[in-house]
Amino acid sequence: MKTFPLNHVVESQQFDRDLLELVFQMADQMKADLFGERKYAKYLEGKIMASLFYESSTRTRFSFESAILRLGGSVITTENAREFSSAAKGESLTDSTKIMAGYADIIVMRHNEAGSASRAAEVSSVPVINAGDGAGQHPTQALLDVYTIIDAFPDVNNIKIAMVGDLRYGRTVRSLSYLLTKYENVEIIFVSPHVCKMEADIKTYLEKNGTPWREEQDLALVAQEVDCIYMTRIQKERFHSIKDYHAAASKYILTPDIVQTMKPNAIIMHPLPRVDEIPKEVDDDPRARYFEQAKNGLYIRMALLYLLLQ
Amino acid sequence: MKTFPLNHVVESQQFDRDLLELVFQMADQMKADLFGERKYAKYLEGKIMASLFYESSTRTRFSFESAILRLGGSVITTENAREFSSAAKGESLTDSTKIMAGYADIIVMRHNEAGSASRAAEVSSVPVINAGDGAGQHPTQALLDVYTIIDAFPDVNNIKIAMVGDLRYGRTVRSLSYLLTKYENVEIIFVSPHVCKMEADIKTYLEKNGTPWREEQDLALVAQEVDCIYMTRIQKERFHSIKDYHAAASKYILTPDIVQTMKPNAIIMHPLPRVDEIPKEVDDDPRARYFEQAKNGLYIRMALLYLLLQ
Amino acid sequence: MKTFPLNHVVESQQFDRDLLELVFQMADQMKADLFGERKYAKYLEGKIMASLFYESSTRTRFSFESAILRLGGSVITTENAREFSSAAKGESLTDSTKIMAGYADIIVMRHNEAGSASRAAEVSSVPVINAGDGAGQHPTQALLDVYTIIDAFPDVNNIKIAMVGDLRYGRTVRSLSYLLTKYENVEIIFVSPHVCKMEADIKTYLEKNGTPWREEQDLALVAQEVDCIYMTRIQKERFHSIKDYHAAASKYILTPDIVQTMKPNAIIMHPLPRVDEIPKEVDDDPRARYFEQAKNGLYIRMALLYLLLQ
């Protein structure tokens, strides 16, 4: 087994094509093992993971904690890392990290400020995994997104992906766009209201890396031609008026009628939580993969924990 | 060992006499094993229980978590399930449940809304145990209550049980009344202030199932004739005035003087927490069983986890 | 191995010189084992520790939880013990403790009221460790502080220790002073603003036990002669005006310039969290031991858990 070259996982930019494939291959093994002979069930026995969440995110936290437990490790956890101490709420992140590194073998950190994970990684004597740092990165989400696409289209042959909704502020679609440039033959279609358009930096990056993209407005039309629709939630606070928001949001709902027109082997993704941009009636459609996508987070995180701690 | 017929535990109505006996027999085994050879100590090794608490209940949560740990399993836990995500507090319970079912082997859920556990169970691919859903059910409490009574009176022969305090709104006494109809030769005496009387639906149910009941006002009088006193807390908010509350509450205190008049082999129960309806002086009386009752929750929950996950 | 004579750890006064040495010797073994053959890795397998924190203290909680996990045990934990129940926030500490003692093999308690741990220990059927009770005690902090000093100066030969900052209200320096009387040849120098001077009770205690002490104002001067500087945070709320606070606090900062003048083998300690009384530039100095000190908490707590549960 090739050794893992990373000490910490703080941003998706750390992953090139080879590394993606290494992680996905390991995630495949983890998934197979969970339903198979469980030979990894005690692989991380004796290892302690510290969940340091400065803001609540039960879904992400449980996904990581399940991952280490499935590998035989154990967990120390807080959802209130902000209140690190009743005495001095103002302790520096780096001090807290150094101390935690004395109690755990790996630190999973969620923070509201971009750059936090990177600052923590700099001073930590044990691996740090970024579980989301504000407007910054959420690399394990990006990895599980790509993994879900690759899982459906293993050879990534001329696939078209529509990213729909709040593209301007969406951490997930930005990271996903970035990682998709590592694959040839992928075309991206951005589908969004005007105020939520994908920003220029990503478009330039795609061009420089030879990934074709275009912008569309009409979800119903785009749905018919793509292999993957990646839905996201449009946030009220992006709009000047509630009326504008409702006008925009109502145009980007993946109704059962639209789903009917999609290719039979296409897939529907969503980082979750959803509100109403995907109605529940769609859940039973075999193309709906968002719950599987969430579950893929478990395999990806098991793979990363394994690789970082091996 | 007879296979357990339930996939989820959401309400006491799921338990008939046979099933009660199966659970209690298993609880007996768990209790004996904890003080004995610990042959179940790794029975659920590798199994993950998710504690999804939408409201705090440290006692109940710890009881469940201790139960799975005593069987070798592990735990992912939150007391703030309401803040499931910083992004979308409004995610549906069913979406959250589906995702959690991907990370855990069994879900224990506490929620403030009646019917939550049942809705969760409908969509969950893993067993769901209701750890209390608002004004609805708290089936494991009902089971441990009956278990505590059966433990003291194994043949349940002509026993009289007084339920005292807030019977109208009390989830525990309502469920307990229901389950006691599964046993012959039990008589129930409801002892409460007028505004907290047991509601008609339960009385009708008792009659239809042949369980005799009557109502009394005087705790001191009733205490002398019963085999079991089940005390509950009278809540201030039931009364129009603080004065009315104090007048009522002071009549339903199980003083040491009253305890003195009880049968020697009678038992005193309370779902806890108590405030002052049972003075601390009573704790040392051998008839006081409320701490043992709380501990019985551990054996009952071990039994259920074992049966649901076997 | 000598049997441990304590059932609970509630205050530093429980430790005489022999007991200190027993704990430190065990802590040494724990430390060696963590970096060695891990023969204690499953020593407490099957044992459950309940973390009952009535106020947040992530550092202390993680230190204890890491300790039991490193020994193979497991954890049930709450940072919101105050909300023990949604129904009755007013449940007595002793009732909560009795119930928890039914679910766990050992209880670690943090509380805001002095005397809480002692009251809990009185009714608990399992060992209770005080993890800080308000203005009262925090005995494991005191132990790890002495352990850190002994680790640097094994024969404790004519060492001088400066305690700096908020000595009047500082729980740690008070307990540390107490424990240092167990060693001969230790001299203590109290360095603090006038309003934060060490109180008379400790000074009297030192005299009665033959431990010399004196008071100084000038940190820069004292720094040159001592073997150990124990820094603490000066709290704003001790001062009448913000201006007085800044005037005082600025005099008790251990600047790199002062550190330069310290003896080469002296050590710098701090119970953490720090604010700015030790600038980050000092962290890389080999004399800075505060992160090691925090980590020593792990070994001390492993030792205590081991000794209490053996």
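Letters A, B, ... mirror the listed sequences (proteins, then strands); counts begin at 1.
- Contact check on C/K42 versus A/E45 returns a salt bridge, with a Lys/Arg side-chain nitrogen under 4.0 Å from an Asp/Glu carboxylate oxygen.
- Here the side chain of C/R61 pairs a donor or acceptor atom with the backbone of A/T77 at under 3.5 angstrom.
- For the atom pair CD (A/E79) and OG1 (C/T58), the distance works out to 11.5 Å, reported to the nearest 0.5 Å.
- Listed in order of number, the residues of residues 64-75 of chain C that approach chain A to under 4.5 Å between heavy atoms are C/E65, C/S66, C/L69, C/R70.
- Heavy-atom distances place the side chain of C/D283, and not its backbone, under 4.5 Å from chain A.
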Stepwise side-chain contact (heavy atoms from CB on, under 4.5 Å) test for A/I99 and C/F62: CA-CA 10 Å; A/I99 293 164; C/F62 273 23; over 6 Å; no
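- A 4.5 Å side-chain heavy-atom check between C/R274 and A/S92 finds every atom pair outside the cut-off.
- Legend: residues meeting side-chain contact (heavy atoms from CB on, under 4.5 Å) with A/A121, ordered by chain and number and at least two apart, are A/H8, A/V10, A/V128.
- The environment of A/K236 atom NZ is sparse: at most 12 non-hydrogen atoms of other residues, nucleotides or ligands sit within 6.0 angstrom.
- Within the 4.5 angstrom heavy-atom criterion, atoms from both the backbone and the side chain of C/A294 approach chain A.
- If you measure heavy-atom distances from A/S125 to chain C, you find no contacts under 4.5 Å at all.
- Heavy-atom minimum distance, A/G102 versus C/K295: O-CE, 3.5 Å.
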